[in-house]
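The structure appears below as structure tokens.
Please read these numbers as outputs of a predicted model, since none were measured by experiment. Labels below follow one simple rule: chain letters A, B, ... track the order of the sequence lines, proteins then strands, and each chain is numbered from 1.
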Amino acid sequence: MRFPLLALLLLWYNNTAMTDTTVRVRIAPSPTGDPHVGTAYIGLFNYAFAHHHGGAFLLRLEDTDRERYKESSAHAILEALTWLGINPDEGPEIGGPVGPYIQSERLAIYREFAEQLVQAGHAYHCFCSRERLAEMREAQEAAKEAVKYDRFCLCTMHEEERRQRVRDGEPYVIRMKMPDAGATSWTDLVRDAVSFENALIDDQVLLKADGYPTYHLANVVDDHLMGITQVIRAEEWISSTPKHLVLYQMFGWEPPQFAHLPLLRNPDRSKISKRHSHTSLHWYRDEGILPQALLNFLALLGWSHPEEKEVFTLEELVERFTFERFNQSGPVFDLEKLRWLNGVYIRALAPDELYAAVEPFLQRAGLVQAHPEPEERAFAKQCVVLEQEKVRTLAEFADLVAFMFNPNFTYEDEAVKKWLRPAPEHVRPAFYQMIEHIEPLPEEALTAEKYEEITRTIAEALGVGAGKVIHPTRVAMSGRTKGPSLFHMMEVLGKQEVLYRFNRTIDVTRGGEE
RNA sequence: GGGGCGUUGGUCUAUCGGUUAGGACGUCGGCCUUUCAAGCCGAAGAUGACGGGUUCGAUUCCCGUACGCCCUACCA
């Protein structure tokens, strides 16, 4: 009697654990350029964690740096996330209960909270010029001291004097007053205990002279106001975390949990950058990497599937996600493995899905029109399917199938030398016989099997191996020595096209064409 | 200079004290085949950065060293 009750209780517990609606996480990209692969990486795991717990995944734009701000960037980031399929539940353009989700629209909030800190004696106005700060740093460096603000404005004048200078309209920043003693520590979700001595930490600027907040202030204020429960971000933020924790303390707010994920690396192991790696998501999209392959690949960096699987879906990542599966060292982004994985995904695509993904690439190459007729599209689809097995990126298709669209393709030198000029004795007769066999047959009869049958019959009649006919025929059809399965290729080309290509190639063997 | 984080084959990783250190990409070889791929099979490649501990036993735990990375901005 007691057992079923226990089971029921367990079930209830599991259910509530799976739909912990209090979980709220976020990514906070800065719109300063192309959508970054690091944003996708961090976004992926935020998304996975949120969905694993049935919580919310938000997007907040941290556009507080007017110097680096780029107009087009914000929309591009949103668009890239949509392309990847890791859509936020709340954010700019879709809104949500705790907006606005763009920091430049929240300036009054930051100013108010910064002021509150000054009021409480946790922060102070600073009037030091950039020149003075630069000199100070130089001196500290020369003296091999820690580089840190010397609290000139805090020590040389009283609160009232600083107030007066502000009233006089002097430009100022607001700095937080870090405690001089003690340590700040936290239990990181992927790194366990981390601790910093407060005395070593700088009096960070919270509010800049232009009235914009720095990351540190905006980040803490917004995470609190937006109800963020876990901050899942890159490793590069570890050393700023104590500042953030101290800010939570000063405000009297409960801090979120922190998870610092490994940082993606260039091949030389430095932090990933566009100088050494492809960081723009647009590059991957334009190269013909499938979004699901990119996500799968990113999920393999720093994180591992509990069953050591390499190929798995986003849904499966969501299902199996735990912080324990993280490795702490920064992985090098290995393009070769991504390309392999992408090939795996391409091969798994149904013809319609494949074609839908490839069409833009064919259009860009001028092989398919902007708005193709159904027959054109059907033909193009068959061409693409012909090469599906061997390709690693969608962008490779255009070059591989271009000859299918162009009856007057250029013959490769190597192919010409081997089979056409000079042509082995049997080649021209073989071509003539092929034409003779094909001509009387109706289009419907000319299947790949039929082409194969004809080819082998002719080879036998000429007393040569099948390859001796197959290879020159491939050259006649495509101008190349490599390519898709020959007979399928011929079936797709269709009778008239096949006949044309034989005739044209016969001319070539006679020196007619180049 | 200071602080923090890290360190398993070229690369991504498994191992939660006892394994011939496993898998994947890549490389090389073979098979298949009308070519190129794909697929299948196989091989090479790790003294688990180094040195100390703890332990009957360390890749796994602790300390130190080296090396790498990140931060050290009125950038995020």
* Does any donor-acceptor pair link the side chain of K390(A) with the base of rA38(B) at a separation under 3.5 Å? -> no

* Hey, are E307(A) and R320(A) close enough for a salt bridge, meaning a charged N less than 4.0 Å from a carboxylate O? -> yes

* To do: Using a 4.0 Å cut-off on protein heavy atoms (strictly under), produce a 5'-to-3' string for nucleotides 65-76 of chain B with B for base contact, S for backbone-only sugar-phosphate contact, and - for none.
  => ---SSSSSSBBB

* Identify which nucleotide among rC25(B), rC12(B), rG2(B) has an atom closest to any side-chain atom of L200(A), counting heavy atoms from C-beta outward. => rG2(B)

* When we call it a touch if two heavy atoms are under 4.0 Å apart, what does T481(A) touch: a base, just sugar-phosphate, or nothing? -> base

* Asked: Does the ring center of F323(A) lie less than 6.0 Å from the ring center of F45(A)?
  -> no

* Asked: What does nucleotides 29-34 of chain B look like as a protein-contact string, B for base, S for sugar-phosphate only, - for none, at under 4.0 angstrom between heavy atoms?
  -> -----B

* To do: Enter the distance from F113(A):CZ to L217(A):CG here, rounded to the nearest 0.5 Å.
  => 9.5 Å

* To do: Count the heavy atoms belonging to other residues, nucleotides or ligands that lie under 6.0 Å from CD of E170(A), then report whether that count exceeds 12.
  => yes

* **Base-pairing mate for rU33(B) - Watson-Crick or G-U, with both contacts under 3.5 Å** => none

* Lys/Arg cation over aromatic Y172(A): R162(A), 6.0 Å, 45° cone -> no

* Asked: Would you say the side chain of Q140(A) and the base of rG1(B) hold a donor-acceptor pair, judged only by whether the two atoms sit under 3.5 Å apart?
  -> no

